[in-house]
Amino acid sequence: MTSYDYLIIGGGQVADDAARALREHDADGTIGIVSSDEDAPYTRPALTKKLWIDPDFGEDSVPLNTAEDTGADLRVRTVVTAIDPPAKQVELEGGERIDYGKLLLATGSEPRRLDGPEDERIIHFRSFADYRTLRHLMTEGARAVVVGGGYIGAEVAASLSLNGAHVTLVFPDDVLGASQFPPSIAERYQKLFTDHGVELRPGRRAEALTVQDDADVGVTLDDGTAVGGDIVVVGLGAEPRLDLARQAGLKVSEGVVVDEHLRTSDPSIWAAGDIIEYPDAILGVTRIEHVDHARESGAAAGRSMTGSDATYEHTPYFYSMVYGVRWEAVGTLDPSLETLEVHHDTAHSVVYYLDDHGRPVGVLMWQIDGARDAARTVIADAITDRDLLRGSIG
């Protein structure tokens with residue numbers, strides 16, 4: 001039977017950073033990575049951004065070279081069907097079992113799907129393979145229907161429009177970005193898309209996928225209308241993969257519950273990335289789905305698995321970039337909260353999201369560089385003085 005000192009389930013960014021931390025702190029321990037993905041670990045943000053807009057960043061820049069750099073034994077296209085904590089084993093599809101000394105759950109998230117027929121031209125966008133399929137389908141003048149106005153949907157819509165596609169973007173908000181940004185910023189955000197020729201279908205939800213009589217693929221909307229094109233890209237967010245943790249009897253709430261060392265309710269099992277509910281040093285108990293968290297929590301879990309007593313104290317930031325405009329944020333972006341907007345000029349702004357006591361719980365930095373630590377400090381210090389807040393981030 002195969003056995004590893006450290007076994008990682010999942011082959012994304014978390015696995016890469018965890019393997020690097022494991023190797024840095026344990027030069028001899030054996031590392032196994034079991035991934036259902038068809039590719040070795042890779043940088044996911046590039047799939048909706050750099051690969052489309054940076055001619056010097058090609059597909060060969062996407063792999064993270066995890067196995068080569070760490071000596072980990074990597075298995076792709078391999079599905080773990082069960083964890084047996086008392087035996088300290090995992091079972092693979094087909095029945096093979098693998099022993100572990102310490103186990104890291106890094107199973108990530110599964111894209112939300114729409115009902116409807118399967119077709120190569122309909123892509124629930126998440127993986128490197130999805131990018132390759134979309135790139136293959138993309139031709140000059142292709143008609144693309146993109147569903148979802150969040151990170152994935154907006155970034156894909158922007159990237160496709162910059163590569164010559166005629167894009168229709170379907171999203172439920174009345175103004176693109178209105179679920180995160182105050183009206184002044186949302187209107188500025190939406191204008192980026194209309195200025196680049198994206199056709200918007202605001203206030204609409206896609207209910208089902210279709211293959212139409214004229215061979216178009218498309219979606220049926222909640223008002224009964226249909227939108228068709230050559231390609232459909234669904235970017236409706238993702239759900240954490242928690243089934244293995246539940247089956248193993250681990251404590252699970254909104255995510256796999258871990259302590260400040262990222263250890264689960266089983267002392268031999270750790271978890272990191274999208275799937276964890278953890279005690280953030282500034283935000284409190286939370287679950288976050290962004291690459292900064294994947295990287296930092298993966299590295300922290302790797303250190304902890306080798307015996308480090310250090311706690312995971314990093315408060316992640318998240319970001320997006322469309323049409324050369326980048327925004328970053330820390331904490332909660334909820335425009336139903338009271339907001340304090342500081343516009344430095346027509347291009348650069350900071351928005352503070354305030355709770356019922358006037359304390360900042362989130363900070364949006366629109367085209368503001370190098371201010372993540374300042375944003376974390378503002379939230380941690382619970383600054384309520386409006387004048388002090390206005391001058392905190394410039």
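Hydrogens, waters and symmetry mates play no part in the numbers below; they use all other heavy atoms, side chains included. Heads up: numbering here begins at 1 and tracks the sequence.
Ion pair Arg287/Glu277 not flagged as a salt bridge, since none of the NZ, NE, NH1 or NH2 atoms sits closer than 4.0 Å to an Asp/Glu carboxylate oxygen. Look at Arg390 and Asp387 and you find a salt bridge, because one of the NZ, NE, NH1 or NH2 atoms lies within 4.0 Å of a carboxylate O, short of that distance. Of the charged side-chain nitrogens involved, none lies within less than 4.0 Å of a carboxylate oxygen, so that Arg44 and Asp37 do not count as a salt-bridged pair. Of the charged side-chain nitrogens involved, none lies within less than 4.0 Å of a carboxylate oxygen, so that Arg143 and Glu199 do not count as a salt-bridged pair. Look at Lys102 and Asp26 and you find no salt bridge, because none of the NZ, NE, NH1 or NH2 atoms lies under 4.0 Å from a carboxylate O. Taking 4.0 Å as the cut-off between side-chain N and carboxylate O, Glu338 and Arg386 count as a salt-bridged pair. Electrostatic pairing of Arg97 and Asp84 counts as a salt bridge here, judged by a charged N lying under 4.0 Å from a carboxylate O.
Scanning for side-chain contact (heavy atoms from CB on, under 4.5 Å) contacts around Thr384 gives Arg359, with sequence neighbours left out.
Between Ser268 and Gly101, the shortest heavy-atom contact is CB-O, 4.0 Å.
Remark: Asp54 CG is packed, more than 12 non-hydrogen atoms of other residues, nucleotides or ligands lying under 6.0 Å away. The 12-atom threshold is exceeded at CG of Asp223, counting heavy atoms of other residues, nucleotides or ligands nearer than 6.0 Å. Remark: Arg204 CZ is packed, more than 12 non-hydrogen atoms of other residues, nucleotides or ligands lying under 6.0 Å away. Atom CD of Glu254 is surrounded by 12 or fewer heavy atoms from other residues, nucleotides or ligands within 6.0 Å. Within a 6.0 Å radius of CG in Asp345, other residues, nucleotides and ligands contribute more than 12 heavy atoms. Under a cut-off of 6.0 angstrom, the local environment of CG in Asp309 is sparse, with at most 12 non-hydrogen atoms contributed by other residues, nucleotides or ligands.
Separation of atoms CG (Leu105) and CD1 (Ile269) is listed at 6.0 Å; rounding is to 0.5 Å.
Applying the side-chain hydrogen bond (donor to acceptor under 3.5 Å, both in side chains) test to residues at least two apart or on different chains, the pairs with a partner in residues 183-193 are Ser184-Glu341, Arg188-Ser349, Lys191-Asp195.
Taking the six-membered ring for Trp and thresholds of 30 and 60 degrees, His196 and Tyr323 have nearly parallel ring planes, at less than 30 degrees apart.
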For Thr66 and Leu74: C-alpha separation, side-chain torsions, deciding distance, then whether side-chain contact (heavy atoms from CB on, under 4.5 Å) applies. CA-CA 9 Å; Thr66 309; Leu74 171 66; 5.9 Å; no
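Side-chain atoms of Ser392 come within 3.5 Å of backbone atoms of Leu388 as a donor-acceptor pair (strictly under, hydrogens ignored). When atom types are taken as modelled, the side chain of Ser304 and the backbone of His261 share a donor-acceptor pair closer than 3.5 angstrom. Between the side chain of Thr2 and the main chain of Ile98, no donor-acceptor pair closer than 3.5 Å is present.
Checking each of Asp119, Val217, Val234 against Leu209 for a side-chain contact (heavy atoms from CB on, under 4.5 Å) leaves exactly one that passes, namely Val234.
In summary, the side chains of Glu120 and Thr133 do not present any donor paired with an acceptor at a separation below 3.5 Å, with no hydrogens or angles considered. Between the side chains of Gln13 and Asp17, at least one donor N or O sits under 3.5 Å from an acceptor N or O. No side-chain donor-acceptor contact under 3.5 Å links Thr286 and Asp280.
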